[in-house]
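One structure is given below, encoded as structure tokens.
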Number of protein chains: 2
Amino acid sequence: MGQTQRAKSLAAETKILDAALHLFSRQGFQATSVREIAELAGVSVGNVYHHFGNKEAIFQRLIDRYWEALLDPDLPLNQVFRQAQFPDDLELAASAIEQIVDQHQEEILLIYVDVIEFRGEHIRTFYETMADRFQEAYADSFAKAKREGRLGDIDPMVAVMTACRWLFYFFTVEKCFGVPMHLGRGSKEVVDEFIRILRYGVLPRDDGHRPRVATDKDGTTSGRRA
Amino acid sequence: MGQTQRAKSLAAETKILDAALHLFSRQGFQATSVREIAELAGVSVGNVYHHFGNKEAIFQRLIDRYWEALLDPDLPLNQVFRQAQFPDDLELAASAIEQIVDQHQEEILLIYVDVIEFRGEHIRTFYETMADRFQEAYADSFAKAKREGRLGDIDPMVAVMTACRWLFYFFTVEKCFGVPMHLGRGSKEVVDEFIRILRYGVLPRDDGHRPRVATDKDGTTSGRRA
DNA sequence: TAAAACAAAACGAACGTTCGGTTTGTTTTT
DNA sequence: AAAAACAAACCGAACGTTCGTTTTGTTTTA
């Protein structure tokens, strides 16, 4: 009850933003009316316009909020980037990306709303910023690994981009688009296999590298189909 | 001028569908009005409703049209699947997928419209159908390759799914979302590198497999950096 | 008591859809 | 082969509703 004006105002703004996020991510921008947002937020239409200049400003604020969350240095994925241990950090990266997609399902759908209903510049800046951060984070690490022969013949920068994009899209398909199964295999199973492919490739190795276990020939170790 | 009634009717339907595809893919379903569609198609609003029961029926027809195109046995990608030469067919698959995304940019965006503005069941059936076709197409081939030791320790079915999904999404990002560059590298460069990663992995090989140089079937080793 | 927060009513514009009427091509009758 | 009858293709005004936004007025807080 005894809330200050600022606190009440901020609470109302949050309620409006949350309601808008819920609706925008489920039915798109144009298909969501200000009346719907107001009703779900439990405020009047007039009050919505007291806090936001117009409908699009609400959308913009939601995008900004997601963007800020992605740039947070404390975000696990950003910690992984700072360590720059590719390809050893692939498991860490995978679970960090899974966490992002899990916690920001609606915001990720918002990005696709932006792609469709606006001209989609946010997804462009997203990929371009990601590219810059890869360069920053991994350039030194890769130069050193190259000198020490710890990396193969491929371009590790392309590899890390490939991996992150795949993981991001994989979890997006699973959590946001609702395609939970993949060839009858579970999510973790597929991600682990993807990481192994990245590290060792699908073609057999004649050297000592035995990715899964040791010398088994039939590969019955992980209980796949007969 | 002397067109039959059926021909005229079909021409009008096509014009309406093309206009609707253009608009839906650029601004979404709800943001596109029937008036807009009619104007771009060069017909009256009433005529639109003569050919289609309602606005959503137009959308549905567009999705169906795309779906039929994907199931066409003559589609290059389906020919690649029938050959079932993974991982040798990766270059062929890549260019077949690139061709699909190129020729169906608008329809692919339509799928994302469906994800946002409807409940996105089409993308689910898309992925599930893809999974079934992978099983059909590659099951025998992989069993044989496994017996002959031509494949490594990984699950090839996961690998082929991984590859196709990545390629599809890669070209979608590039052509539909407008992110043409990737870490300053061109599209072909990145795809080639992705294929090499799939085959050989990022970790160095001590055996005779030298990924970058010869062993290619057609011998066209795309010239890259030393 | 002034300003901020909120609610309700009202605005014109645009929406999807309907409908009566006109044009145009085809079939039937003469 | 011309005329009459028919049906499909087509048009555009109009309907009822809903949209984003504004205006006006009331309550709450400092």
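Per chain, numbering begins at 1; letters A, B, ... match sequence-line order.
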Whole angstrom value for the distance that separates P of D/dC15 from CZ of B/R35: 13 Å
query: For DNA chain C, whose closest nucleotide is more 5', that of A/V45 or that of B/F29?
result: A/V45
query: Side chain of A/N78, backbone of A/D72: donor and acceptor closer than 3.5 Å?
result: yes
message: Rounded to whole Å, please give me the gap between CD in B/Q30 and C1' in C/dG16.
response: 10 Å
task: Would you kindly give the CG-to-P distance between B/L23 and C/dG16, to the nearest whole Å?
output: 12 Å
- request: Hey, can you tell me if A/W166 and A/F170 have their rings parallel, tilted or perpendicular (30° and 60° cut-offs)?
  value: parallel
field: Sugar-phosphate, base or nothing in reach of A/V43, heavy atoms under 4.0 Å
entry: sugar-phosphate
message: For D/dC19 and A/S33 - does any side-chain N or O of the residue sit under 4.0 Å from the phosphate oxygens OP1/OP2?
response: yes
- line: The nucleotide from C/dC6, C/dC15, D/dC19 with an atom nearest the side chain of A/S44 is C/dC6
statement: Under a 4.0 Å heavy-atom cutoff, the residues of residues 50-64 of chain B touching DNA chain C are B/N54, B/K55
task: Give a yes/no answer on whether the side chain of A/N47 brings an N or O atom under 4.0 Å of OP1 or OP2 in C/dA7.
output: yes
- prompt: How far apart are the closest heavy atoms of B/V202 and A/A159, and which atoms are they?
  reply: CG1-CB, 3.7 Å
field: Test item: B/V115 and A/Y112 side chains (from C-beta on) under 4.5 Å apart, heavy atoms
entry: no
Interatomic distance, B/E36 CD vs C/dC15 P [rounded to whole Å]: 7 Å
- request: Return the value, rounded to whole Å, for the distance between atom CD1 of A/I37 and atom C1' of C/dC6.
  value: 17 Å
Distance flag, aromatic centroids of A/F118 and A/F59, threshold under 6.0 Å: yes
field: Euclidean distance, atom CD of residue A/Q27 to atom P of D/dT18 [Å, nearest integer]
entry: 15 Å
- request: Could you check B/R165 against A/E174 for salt bridge (Lys or Arg N to Asp or Glu O under 4.0 Å), going step by step and ending with a plain yes or no?
  value: CA-CA 13 Å; B/R165 272 204 201 177; A/E174 177 169 310; over 6 Å; no
message: Taking A/E193 first and then A/R185, would you say they form a salt bridge - that is, a charged N and a carboxylate O separated by under 4.0 Å?
response: no
field: Euclidean distance, atom CG of residue A/L10 to atom P of C/dC6 [Å, nearest integer]
entry: 11 Å
query: Given atom OH of B/Y49 and atom P of C/dG20, what is their separation to the nearest angstrom?
result: 17 Å
